[in-house]
Amino acid sequence: MDNVIDRNFIKLTFIGDIMCELPLLKAAHTKKGYDFDSVFVGTTDLFNSADYVVGNLETVFAGKSVGYTRSLYSFNTPDSFLDSLKRAGIDMCVTANNHCLDRGLDGLKRTLYELDKRGISHIGTYLSKEASDQIFVKDIKGFKIAFLAYTYGTGIKDNHVELPDDFSYSVNLLIPQKIGSPIKYSKVEGEVPYIKQFISRLISEKKKLQLKKMLKKPVGVPRMDSMWDELIDEKLLEILKSNIGKAKKQADYVILNIHNGGQFNSMPGDFSEYIMNFCVESGADLVVGHHPHVVQKASFIANKLCAFSLGNYSISPSTPYMLFENLPQYSIALHVYIGKHFLIHYSFSILKIVENRKGNLTIYDTYDLFQKCNEYNRMSLFKNIREIYCRFSQNSGENFNVKKEYRLYEQ
């Protein structure tokens with residue numbers, strides 16, 4: 001059924017985290033501005049085979065005047081990045097994540113305006129209370145598909161932006177904004193505690209990580225998301241459940257995008273498991289996870305697919321905080337084939353990010369990359385593709401062969 005579009009069914013494709021970090025930003029700079037087209041050209045054919053493509057956009061587009069990305073953890077990207085995403089075939093961006101407030105509410109709003117200008121749909125962050133109350137339902141060749149998106153937080157520890165109560169509608173939250181952050185930040189000024197400011201002036205986080213790498217010390221460890229009582233906010237979860245219920249009345253199929261979890265951990269933690277079960281029990285037909293920056297398992301819960309993390313569609317492997325033991329340069333493109341009133345099947349492709357010496361990226365379908373490799377590189381590539389296949393599908397990988405698409409079956 002590869003590369004087939006028929007009037008009797010539609011094909012939806014979901015990709016992982018879309019990021020533009022400092023190495024890529026510098027590499028894409030030209031005399032005329034910024035050019036990102038080469039990053040996405042390797043997956044254009046894959047996207048063209050789908051009726052609708054959805055990705056998790058982990059940057060804002062707040063404009064040149066407020067400064068493009070300068071730090072490791074707070075992003076602002078040139079508008080031309082969106083032009084390249086549009087040309088690559090991205091139809092919708094999930095905007096509810098821990099970077100949606102990296103340039104405050106103004107940055108959030110301008111991002112949505114720029115997406116609208118290019119005809120790219122978006123879910124999870126909003127310009128008004130009225131917009132946040134609406135369920136996004138897309139009619140795709142006569143199939144009504146509802147999309148929802150929620151995030152565990154907004155990166156308050158790094159961007160220091162606290163949402164005022166009268167703008168709480170701006171982001172769909174799973175838990176209260178400041179839960180999990182040890183420091184309370186000012187709502188108005190966004191002040192950082194003096195001691196932290198002083199330390200940051202002495203040595204940046206980037207230099208600290210680079211120094212650790214130079215000394216051959218670990219820059220970090222994979223972080224699991226644990227479970228504790230404060231994470232369960234009945235009011236927010238009731239809103240989520242209610243919106244799933246409203247979506248089911250308006251659409252044939254309800255898809256929930258969840259931004260949550262630890263980072264660089266190949267297995268999800270207890271809170272991720274809890275949230276996935278809650279979403280399915282509340283009526284979601286499919287749950288797609290983001291944020292861990294590596295591929296995690298796809299599980300069937302009550303016959304509904306929960307993909308805990310699709311990994312990184314676009315990220316710079318040379319970024320100092322990168323942990324490589326769980327293969328963050330690989331990701332999943334999840335394909336969902338839907339017929340009238342029933343699901344046909346799930347499948348997936350495996351993608352890989354390749355970074356050159358200048359910091360530029362190209363994202364490949366690993367099937368295409370495998371065909372181009374010499375025998376020596378093929379052995380290593382095969383091993384990694386097989387590992388990602390086994391982790392996501394939870395299959396043993398016996399008699400594994402590299403393919404364009406792999407079927408997902410309930411265990």
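Numbers here simply count residues along the sequence, with the first being 1.
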Checklist entry - Taking atom types as modelled and ignoring hydrogens, do the side chains of Asn260 and His291 form a donor-acceptor contact shorter than 3.5 angstrom? => result no

Item to check | Verdict with reasoning, Tyr321 to Tyr73, per ring-ring contact (aromatic ring centres under 6.0 Å, His included) | outcome: CA-CA 10 Å; Tyr321 63 74; Tyr73 305 122; 5.5 Å; yes

Checklist entry - When rounded to the nearest 0.5 angstrom, what distance separates CG in Asp35 from NE2 in His29? => result 11.5 Å

Checklist entry - What's the spacing between Ser309 OG and Asn312 CG if we round to 0.5 Å? => result 7.5 Å

Checklist entry - Out of curiosity, Asn172 CG to Leu236 CG, how far, rounded to the nearest 0.5 Å? => result 9.5 Å

Next on the checklist: With heavy-atom distances below 4.5 Å as the criterion, would you say the side chains of Pro292 and Asn265 are in contact?
Outcome noted: yes

Checklist entry - Among all residues two or more places apart in sequence or in another chain, which pass the side chain to side chain donor-acceptor pair (under 3.5 Å) test with Asp252? => result none

Checklist entry - Side-chain contact, heavy-atom cut-off 4.5 Å: Met19 with Thr59? => result no

Next on the checklist: Counting C-beta onward and ignoring hydrogens, is there a side-chain heavy-atom pair between Thr151 and Leu174 closer than 4.5 Å?
Outcome noted: no

Checklist entry - Take atom NZ in Lys241; do more than 12 heavy atoms of anything else shown fall under 6.0 Å from it? => result no

Checklist outcome for this item: Rounding to 0.5 Å, atoms CG (Leu101) and OG (Ser74) come to a distance of 10.0 Å

Next on the checklist: Under the ring-ring contact (aromatic ring centres under 6.0 Å, His included) definition, can you give me all pairs with a residue in residues 94-136, not counting sequence neighbours?
Outcome noted: Phe75-His99

Checklist entry - What closest approach, in Å, do Ser226 and Leu231 show between heavy atoms, and which atom pair accounts for it? => result O-CD1, 3.4 Å

Item to check | Donor-acceptor side-chain pairing of Ser299 and Gln394 below 3.5 angstrom | outcome: yes

Next on the checklist: Is there a side chain to side chain contact (heavy atoms under 4.5 Å, CB included) between Leu343 and Leu305? Walk through the geometry before answering.
Outcome noted: CA-CA 11 Å; Leu343 172 79; Leu305 180 65; over 6 Å; no

Checklist entry - Excluding sequence neighbours, so at least two apart, what forms side chain to side chain contact (heavy atoms under 4.5 Å, CB included) with Gln134? => result none

Checklist entry - Among pairs that include at least one residue of residues 93-111, which meet salt bridge (charged side-chain N to carboxylate O under 4.0 Å, His left out), considering only residues two or more places apart or in two chains? => result Asp79-Arg110, Arg110-Glu114

Checklist entry - What pairs with Gln371 under side chain to side chain contact (heavy atoms under 4.5 Å, CB included), at least two apart in sequence or on another chain? => result Tyr367, Arg378

Item to check | Beyond-backbone contact of Ile385 with Phe400, side-chain heavy atoms, under 4.5 angstrom | outcome: yes

Item to check | Which residues share a side chain to side chain donor-acceptor pair (under 3.5 Å) with Tyr253, sequence neighbours left out | outcome: Tyr346

Next on the checklist: Per the salt bridge (charged side-chain N to carboxylate O under 4.0 Å, His left out) rule, what does the pair list look like for residues 385-403, sequence neighbours excluded?
Outcome noted: Glu387-Arg391

Next on the checklist: According to salt bridge (charged side-chain N to carboxylate O under 4.0 Å, His left out), does anything in residues 311-327 pair up with another residue at least two apart or in another chain? List the pairs.
Outcome noted: none

Next on the checklist: Working note: Tyr68 + Tyr34, criterion ring-ring contact (aromatic ring centres under 6.0 Å, His included); need CA distance, chi angles, decisive distance, verdict.
Outcome noted: CA-CA 12 Å; Tyr68 293 138; Tyr34 291 86; 5.6 Å; yes

Checklist entry - So, do Tyr152 and Asp225 sit near enough that their side-chain heavy atoms are less than 4.5 Å apart? => result no

Checklist entry - If we only count heavy atoms from C-beta on, is the Ile353 to Ile315 side-chain gap below 4.5 Å? => result yes

Next on the checklist: Ignoring hydrogens, what is the shortest heavy-atom contact between Ala333 and Thr13? Give both atom names and the distance.
Outcome noted: CB-CG2, 4.2 Å

Checklist entry - Of all residues at least two apart in sequence or in a different chain, which pass the side chain to side chain donor-acceptor pair (under 3.5 Å) check with Thr125? => result Thr95

Checklist entry - Which residues satisfy the side chain to side chain contact (heavy atoms under 4.5 Å, CB included) test with Lys129, sequence neighbours excluded? => result Ser132, Asp133, Tyr169

Item to check | From CD1 (Ile175) to OH (Tyr150), nearest 0.5 Å | outcome: 14.5 Å

Next on the checklist: Tell me every residue that passes side chain to side chain donor-acceptor pair (under 3.5 Å) with Tyr364, counting only those two or more places apart in sequence or in another chain.
Outcome noted: none

Checklist entry - Between Ser349 and Glu405, do the side chains contain an N or O donor and an N or O acceptor separated by less than 3.5 Å? => result no

Checklist outcome for this item: Note: Phe348 and His335 closest approach over all heavy atoms is CA-CD2, 3.8 Å

Item to check | Check: Asn360 side chain, Asn356 main-chain N or O, donor-acceptor pair, under 3.5 Å | outcome: no

Item to check | Verdict with reasoning, Leu57 to Leu82, per side chain to side chain contact (heavy atoms under 4.5 Å, CB included) | outcome: CA-CA 10 Å; Leu57 184 63; Leu82 285 179; 4.2 Å; yes

Checklist entry - Nearest heavy-atom pair of Leu105 and Pro164: which atoms, and what distance? => result CD1-CD, 4.3 Å

Item to check | Glu21 side chain to Thr69 side chain, donor-acceptor N/O pair below 3.5 angstrom | outcome: no

Checklist entry - Is the centre of the Phe40 ring less than 6.0 Å from the centre of the Phe47 ring? => result no

Checklist entry - Under the side chain to side chain contact (heavy atoms under 4.5 Å, CB included) criterion, do Ser316 and Leu22 qualify, and how do the steps go? => result CA-CA 8 Å; Ser316 293; Leu22 276 167; over 6 Å; no

Checklist entry - Quick one: do the Lys138 and Ser121 side chains pair a donor with an acceptor below 3.5 Å? => result no

Next on the checklist: So that I can tick it off, tell me whether Asp91 and Lys86 are bridged by a salt bridge, with the cut-off set at under 4.0 angstrom between side-chain N and carboxylate O.
Outcome noted: no

Which side-chain N or O atoms in residues 273-282 pair as donor and acceptor under 3.5 Å with protein atoms at least two apart or in another chain?
from, atom 1, to, atom 2, distance (Å)
Glu273, OE2, Lys297, NZ, 2.9
Asn277, ND2, Glu273, O, 2.8
Ser282, OG, Phe278, O, 2.8

Next on the checklist: Before we go on, tell me: are the rings of Tyr330 and Tyr389 under 6.0 Å apart, centre to centre?
Outcome noted: no

Next on the checklist: Could you report the tightest heavy-atom contact between Cys306 and Ile301, atom names first, then the distance?
Outcome noted: SG-CD1, 3.7 Å

Checklist entry - Is there a side-chain contact between Glu58 and Asn98, using heavy atoms and a 4.5 Å cut-off? => result yes

Item to check | Parallel, tilted or perpendicular: rings of Phe36 and Phe81 (30°, 60°) | outcome: perpendicular

Checklist entry - Out of curiosity, Ile135 CD1 to Gln250 CD, how far, rounded to the nearest 0.5 Å? => result 6.0 Å

Checklist entry - Mind checking whether Tyr337 and Ile10 have side chains closer than 4.5 Å, heavy atoms only? => result no

